[in-house]
Amino acid sequence: MQVLILGSGVIGTTIAYYLAKAGHEVTVLDRQRAPGLETSYANAGEVSPGYSAPWAGPGVPLKAVKWLLMRHSPLVIKPMLDPAMWRWGIALLCNCTHARYELNKGRMVRLAEYSRDCLQQLRADTGIRYDERALGTLQLFRTQKQLDGTGKDIEILKAYGVPYQLLDREGCVRHEPALAAVRNKFVGGLRLPGDETGDCFKFTQGLAQLAEAAGARFRFGVGITDIAHDASGVTAVHTDAGPFRAERYVMALGSYSPKLLKPLGIRLPVYPVKGFSITLPISDAAMAPASTVMDETFKVAVTRLGERIRVGGTAQLSGYDLRLDGRRRHTLEHVVTDLFPQGGKVEGAEFWTGLRPMTPDGTPVLGATTVAKLLLATGHGTLGWTMAAGTGRVMADLIGGRKPEIDLEGLGLARYA
Ligand SMILES: Cc1cc2nc3c(=O)[nH]c(=O)nc-3n(C[C@H](O)[C@H](O)[C@H](O)COP(=O)(O)OP(=O)(O)OC[C@H]3O[C@@H](n4cnc5c(N)ncnc54)[C@H](O)[C@@H]3O)c2cc1C
């Protein structure tokens with residue numbers, strides 16, 4: 001089957017790989033000069049099925065008010081006259097009940113755990129390297145109140161069979177020895193030993209090469225302008241390099257997906273949630289993190305990626321604005337210098353921003369649309385790297401006419417109908 005994939009972020013590229021391996025004729029279009037140069041470029045590096053949960057949960061509206069008042073706030077809202085933003089915000093608030101949280105989390109965990117298994121298999125099959133580590137992740141608590149408040153999270157982890165360790169200060173230091181130097185700054189942590197870490201951009205680049213070796217074609221520097229359709233479904237994808245046609249079309253345009261779907265009458269509730277990261281070279285390996293340390297107070301993740309430290313966080317609602325904001329950099333620098341003061345030098349860090357393609361229920365949107373031949377693989381929000389391999393497998397199975405290995409209940413566009 002001829003398949004045209006729109007977008008070569010981690011999602012589009014992973015789908016291309018699985019489809020090409022299954023013998024399909026695959027072409028991938030992207031406006032950038034290489035794969036993975038937008039949101040998949042410098043994320044926090046966590047492959048974290050253990051933390052797969054929607055942002056919308058009970059108590060979040062109250063917490064949000066508190067966060068907005070913090071100096072190093074994890075949440076920033078730039079009020080705008082953007083109806084899409086307000087619609088999305090209200091839909092997110094509607095998902096903050098216990099019942100919705102349970103439902104959404106269950107759907108996310110289903111895909112994330114499958115994805116971790118697919119990633120491990122993919123690694124075994126291909127030998128792909130991406131500064132990966134399988135050393136778990138550690139949520140670090142600075143206050144006793146945070147540590148005492150883990151009860152509900154632990155209940156959920158138990159309910160989903162996710163292995164965990166509740167650690168005191170010395171327990172944290174055992175897994176993250178560099179924290180010994182700042183042991184007075186935290187009281188304990190929650191460790192998820194099944195989580196992994198790795199560089200999403202390196203993975204995307206490496207997998208694109210493997211997809212090409214399997215026959216996929218990547219066309220870079222191609223801006224997609226619109227999707228033509230008639231009663232039979234999609235007839236062509238128009239670009240600044242001319243029209244492209246195929247038997248199936250997969251949209252994996254991340255935060256930009258709703259813009260191209262709107263003219264087709266498809267309303268996709270994905271909104272860009274801006275995040276930031278800095279990447280710094282390690283100056284003393286013994287004083288750097290071993291894996292990911294997630295600072296619960298600032299909601300900032302500090303991750304070891306080979307010889308570098310990646311520090312990522314912040315959720316900012318400000319539309320498609322990609323400007324770098326020095327105040328956000330300051331927050332990231334504050335966390336890494338506070339926890340790993342001798343780990344790396346922040347002066348030489350690369351500062352980056354990306355737009356998480358977020359749905360109000362946290363769950364991505366996979367599968368068919370109301371327009372024939374057009375499928376979606378988007379809306380992965382905070383967890384696109386975690387869910388990429390599973391998404392690739394599911395989409396390749398759907399297009400190849402095979403039954404996906406996981407139940408797709410609640411993962412499609414129909415849930416918004
Ligand atoms: C600060 C931050 C930290 C994060 N940390 C983590 C983490 O630790 N773990 C995790 O699992 N996830 C994390 N994420 C989320 C993850 O990075 C995203 O979910 C994922 O990268 C989304 O991938 P994607 O392929 O859908 O989108 P993208 O990577 O944005 O890919 C979309 C592609 O479409 C192309 N495109 C868009 N419009 C057009 C057009 N009109 N014409 C042609 N091409 C177009 C773009 O060039 C781009 O290459 C984080 C995100 C941020 C911002």
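Just follow the structure's listing: the first ligand is 1, and inside any ligand the first atom is 1.
Ligand 1 places these atoms under 4.0 Å from at least one heavy atom of S40: 20 (C), 21 (O), 23 (O), 25 (O), 28 (P), 29 (O). Close contacts of ligand 1 with Q32, meaning ligand atoms under 4.0 Å from a residue heavy atom, involve 47 (O). Atoms of ligand 1 lying under 4.0 Å from at least one heavy atom of Y256, given by number and element, are 37 (C), 38 (N). Ligand 1 places these atoms under 4.0 Å from at least one heavy atom of T386: 9 (N), 10 (C), 11 (O). Ligand-side atoms of ligand 1 in range of G223: 42 (N), range being under 4.0 angstrom from any heavy atom. Ligand 1 places these atoms under 4.0 Å from at least one heavy atom of G354: 53 (C). Less than 4.0 angstrom separates some heavy atom of G7 from each of these atoms of ligand 1: 33 (C), 34 (O). Annotation for ligand 1: atoms under 4.0 Å from non-hydrogen atoms of A44 are 3 (C), 4 (C), 5 (N), 6 (C), 8 (O).
Proximity of K21 to L210: side-chain heavy atoms (C-beta onward) are nowhere separated by under 4.5 Å.
Salt bridge annotation for R308-D131: present, with a cationic side-chain nitrogen under 4.0 angstrom from a carboxylate oxygen. The residues R142 and D338 are annotated as salt-bridged, a charged nitrogen and a carboxylate oxygen being separated by less than 4.0 angstrom. A salt bridge does not link R110 to E113: none of the charged side-chain nitrogens sits closer than 4.0 Å to a carboxylate oxygen. Ion pair E196/R123 flagged as a salt bridge, since at least one NZ, NE, NH1 or NH2 atom sits closer than 4.0 Å to an Asp/Glu carboxylate oxygen.
The backbone N or O of R328 sits nowhere less than 3.5 Å from a side-chain atom of T314 that would complete a donor-acceptor pair. Between the side chain of R267 and the backbone N or O of K262, no donor-acceptor pair lies under 3.5 Å.
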_Apply side-chain contact (heavy atoms from CB on, under 4.5 Å) to residues I5 and T27 and explain how you reach the verdict._
CA-CA 6 Å; I5 299 176; T27 304; over 6 Å; no
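For the ligand labelled ligand 1, residue G312 lies outside the 4.0 Å heavy-atom shell. Remark: distances from the non-hydrogen atoms of L29 to ligand 1 are all 4.0 Å or more. In this structure, V222 is part of the shell of residues with a heavy atom less than 4.0 angstrom from ligand 1. Residue contacts with ligand 1: L383 is included, with a non-hydrogen atom under 4.0 Å away. Ligand 1 is never approached by T378 to a heavy-atom distance shorter than 4.0 Å.
Distance from atom 33 (C) of ligand 1 to its nearest protein heavy atom, with residue and atom name: D30 OD2, 3.4 Å. The nearest protein atom to atom 15 (C) of ligand 1, hydrogens excluded, is given as G381 O, 3.1 Å; this is a heavy-atom distance. In terms of protein heavy-atom proximity, atom 10 (C) of ligand 1 is closest to T382 O, 3.2 Å. Remark: minimum distance from atom 46 (C) of ligand 1 to any protein heavy atom is reached at E38 CD, 3.4 Å. Looking at atom 25 (O) of ligand 1, its nearest protein heavy atom turns out to be I11 N, 3.2 Å. Remark: minimum distance from atom 51 (C) of ligand 1 to any protein heavy atom is reached at R356 CG, 3.6 Å. Closest protein heavy atom to atom 8 (O) of ligand 1: E46 N, 2.9 Å. Among protein heavy atoms, the minimum distance from atom 50 (C) of ligand 1 is reached at N43 CB, 3.3 Å.
Between F276 and F351, the two ring planes are parallel [angle under 30°; tilted spans 30° to 60°]. Between Y41 and F201, the ring planes lie perpendicular to each other; the angle is over 60°, past the 30° to 60° tilted range. Ring pair F203/W385 is tilted by interplanar angle, where 30° to 60° counts as tilted.
Selection from P272, G275, G9, G12 by nearest heavy atom to atom 31 (O) of ligand 1 gives G9. Around atom 42 (N) of ligand 1, the closest heavy atom drawn from I224, T353, I15 belongs to I224.
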Show which side-chain atoms of residues 6-13 pair as donor or acceptor with protein atoms under 3.5 Å away, not counting sequence neighbours.
| from | atom 1 | to | atom 2 | distance (Å) |
| --- | --- | --- | --- | --- |
| S8 | OG | D30 | OD2 | 3.1 |
| T13 | OG1 | S8 | O | 3.2 |
| T13 | OG1 | G9 | O | 2.9 |

Which donor-acceptor pairs under 3.5 Å do side chains of residues 214-226 form with protein atoms, sequence neighbours excluded?
| from | atom 1 | to | atom 2 | distance (Å) |
| --- | --- | --- | --- | --- |
| T225 | OG1 | H238 | O | 3.0 |
| D226 | OD1 | H238 | ND1 | 3.0 |

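The residue A377 has no part lying near ligand 1, judged by heavy-atom distances below 4.0 Å. Looking at Y41 against ligand 1, nothing comes within 4.0 Å, counting heavy atoms. Contacts between W385 and ligand 1, counted as non-hydrogen atom pairs separated by less than 4.0 Å, involve both the backbone and the side chain.
For the pair K274 and Y320, the cation does not sit on the ring face, since its NZ or CZ is not both under 6.0 Å from the ring centre and inside 45° of the axis. By the 6.0 Å and 45° rule, R87 does not stack over the aromatic ring of Y271.
Between G313 and ligand 1, no pair of N/O atoms sits closer than 3.5 Å. Note: no N/O pair closer than 3.5 Å links V47 and ligand 1 by distance alone.
Counting non-hydrogen atoms of other residues, nucleotides and ligands closer than 6.0 Å to CG of L62 gives a total of 12 or fewer.
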